[in-house]
Amino acid sequence: MPLIPSISRSLFFHHYHSFPRSFSSMSFSPAGQAKARLRGVVFDMDGTLTVPVIDFPAMYKAVLGEDAYLAIKRQNPSGIDILHHIENWSPDKQRKAYEIIADFEKQGLDRLQIMPGASQLCDFLESRNIRRGLITRNVKAAVDLFHERFGMTFSPALSREFRPYKPDPAPLLHICSTWEVQPHEVMMIGDSLKDDVACGKRAGAFTCLLDETGRYDSPEYADVEFKPDYKVTSLGEVHSLLRTDFDLAP
């Protein structure tokens with residue numbers, strides 16, 4: 001069965017987190033349906049704001065070796081956290097691993113493209129004065145190039161130089177603190193269950209999974225620990241989701 005119905009098939013399902021919400025943080029539709037207040041949206045970069053160009057399986061195999069990669073993949077259905085795996089390696093082995101990762105990332109920068117719908121979604125958020133942030137496990141140079149090439153600004157924009165990086169909730173909580181908003185007034189949008197959805201859920205934010213190909217409909221993802229509140233197949237679908245389900249209040 002699918003992880004969550006696609007927005008294209010079923011617009012969304014309502015999900016209110018277990019933590020208490022104050023009455024003042026909600027508005028109501030004409031039908032009396034409570035709407036959660038949304039004051040900011042935080043995006044992943046690779047595969048969310050930009051078209052996926054990094055061959056992650058090839059990168060993982062190059063770092064781990066094919067046998068280790070296959071073994072780790074079987075044990076981690078939601079995806080491999082390569083940075084976590086190399087954290088405790090010897091300095092020399094770790095240095096070589098980071099060199100391989102940096103090489104794959106550099107190749108990706110050379111082919112950097114904006115994701116369809118990203119500019120329009122950001123324009124919509126700007127028209128509503130909704131804050132925009134970014135959290136990526138890529139390096140700061142990639143974030144700087146993204147800002148420069150596409151003329152879009154996200155602030156704060158946290159790269160993997162910010163520790164601990166996602167799926168730890170620290171980067172998202174840092175952005176909420178900077179914005180002086182509560183995590184439950186923020187949505188995290190990304191294409192990774194293991195990084196983006198886990199980070200958002202651990203922080204107490206709403207989460208939206210971008211799944212262009214339906215890969216997360218596979219049964220292997222049915223029992224993962226963290227599941228998104230929403231699932232879309234394109235950034236264009238986020239417009240109706242936000243307008244329909246949220247009180248967009250800066």
Side-chain angles (χ1 to χ4, degrees), residues 3-7 10-45 48-49 78 121-122 124-137 154-158 162-211 216 224-232 235 237-250:
L3 179 67
I4 288 179
S6 169
I7 294 296
S10 175
L11 182 60
F12 55 81
F13 68 86
H14 296 286
H15 175 95
Y16 295 103
H17 296 250
S18 58
F19 49 76
R21 295 172 184 271
S22 65
F23 184 85
S24 61
S25 72
M26 290 186 175
S27 67
F28 292 84
S29 67
Q33 175 67 55
K35 287 189 177 184
R37 184 182 188 186
L38 192 72
R39 303 177 67 190
V41 177
V42 179
F43 294 86
D44 166 55
M45 189 175 78
T48 302
L49 291 172
S78 61
L121 178 56
C122 289
F124 170 73
L125 294 174
E126 189 167 336
S127 72
R128 298 297 186 95
N129 294 315
I130 302 298
R131 300 164 179 84
R132 300 195 310 263
L134 185 154
I135 302 174
T136 179
R137 285 156 59 99
F154 297 79
S155 181
L158 305 180
F162 182 97
R163 298 293 186 93
Y165 34 70
K166 60 183 182 182
D168 193 285
L172 186 50
L173 292 174
H174 173 79
I175 289 178
C176 291
S177 177
T178 301
W179 286 346
E180 297 183 337
V181 303
Q182 296 300 312
H184 66 261
E185 297 174 315
V186 170
M187 175 178 282
M188 178 77 204
I189 300 178
D191 68 320
S192 170
L193 277 177
K194 70 178 179 65
D195 294 332
D196 306 314
V197 172
C199 174
K201 298 296 280 188
R202 286 169 172 160
F206 285 99
T207 57
C208 180
L209 178 67
L210 175 61
D211 184 12
Y216 288 113
V224 295
E225 182 179 2
F226 297 106
K227 296 185 179 182
D229 300 298
Y230 303 94
K231 180 174 174 288
V232 297
L235 290 180
E237 295 175 4
V238 179
H239 286 245
S240 58
L241 184 161
L242 296 179
R243 283 195 301 264
T244 306
D245 207 35
F246 291 91
D247 171 21
L248 301 177

> Of V41, L172, I130, T207, which meets side chain to side chain contact (heavy atoms under 4.5 Å, CB included) against V186?
Replying inline: L172
>> Please check: side-chain N/O of R131 versus main-chain N/O of P250, any donor-acceptor pairing under 3.5 Å?
In response: yes
> Charged N to carboxylate O below 4.0 Å: is that the case for K166 and D195?
Replying inline: no
>> For V181, is there any backbone N or O sitting under 3.5 Å from a side-chain donor or acceptor partner on R39?
In response: no
> Is there a donor-acceptor pair under 3.5 Å between the side chain of S240 and the backbone N or O of E237?
Replying inline: yes
>> Taking the basic N atoms (NZ, or NE/NH1/NH2) and the acidic carboxylate oxygens, is any pair closer than 4.0 Å for K201 and D229?
In response: yes
>> Under the criterion ring pair (Phe, Tyr, Trp, His ring centres under 6.0 Å), I'd like the reasoning laid out for F206 against H184: C-alpha separation, chi angles, the key distance, then a yes or no.
In response: CA-CA 6 Å; F206 285 99; H184 66 261; 8.3 Å; no
> Can you tell me if W179 uses its side chain to pair, donor with acceptor, with the backbone of S155 under 3.5 Å?
Replying inline: yes
> P183 and C176: which non-hydrogen atoms are nearest, and at how many Å?
Replying inline: CA-SG, 3.7 Å
> What distance do M45 atom CE and T136 atom OG1 have between them, rounded to the nearest 0.5 Å?
Replying inline: 4.5 Å
> Just how far is it from atom CZ of R132 to atom CG of L121, taken to the nearest 0.5 Å?
Replying inline: 9.0 Å
> How far apart are the C-alpha atoms of K231 and D211, what are their side-chain angles, what is the distance that settles it, and do they pass the salt bridge (charged side-chain N to carboxylate O under 4.0 Å, His left out) test?
Replying inline: CA-CA 7 Å; K231 180 174 174 288; D211 184 12; 3.4 Å; yes
> Of the non-hydrogen atoms in V197 and L193, which two are nearest, and what is the gap between them?
Replying inline: CB-O, 3.5 Å
> Hey, mind stepping through L248 and K35 against side chain to side chain contact (heavy atoms under 4.5 Å, CB included) and telling me if it holds?
Replying inline: CA-CA 9 Å; L248 301 177; K35 287 189 177 184; over 6 Å; no
> How long is the span from the NE2 atom in H239 to the CG atom in L125, to the nearest 0.5 Å?
Replying inline: 7.5 Å
> Side chain of Y216, backbone of D191: donor and acceptor closer than 3.5 Å?
Replying inline: yes
>> Would you say that L242 contacts L38 through its side chain, given a criterion of any heavy-atom pair below 4.5 Å between the two side chains?
In response: yes
> Any sub-3.5 Å donor-acceptor pair from E180's side-chain atoms to S177's backbone N or O?
Replying inline: no
>> Is the shortest side-chain heavy-atom distance between K194 and E225 below 4.5 Å?
In response: no
> Any donor-acceptor pair under 3.5 Å linking the side chain of D196 with the backbone of S192?
Replying inline: yes
>> Can you confirm if the NZ or CZ of R137 lies within 45° of the ring axis of F162 and under 6.0 Å from the centre of its six-membered ring?
In response: no
> For V42 and F154, what are the C-alpha separation, side-chain angles and deciding distance, and is it a side chain to side chain contact (heavy atoms under 4.5 Å, CB included)?
Replying inline: CA-CA 9 Å; V42 179; F154 297 79; over 6 Å; no
> Once you round to the nearest 0.5 Å, how far does CD1 of I189 lie from CG of L134?
Replying inline: 11.5 Å
>> Are the side chains of F43 and M188 in contact, using a 4.5 Å heavy-atom criterion?
In response: no
> In Å and rounded to the nearest 0.5 Å, what is the SG to CG distance from C208 to L235?
Replying inline: 8.5 Å
> Once you round to the nearest 0.5 Å, how far does CZ of F226 lie from SG of C199?
Replying inline: 10.0 Å
>> side chain to side chain contact (heavy atoms under 4.5 Å, CB included) for L158 and H174? Distances and angles first, verdict last.
In response: CA-CA 9 Å; L158 305 180; H174 173 79; 3.9 Å; yes
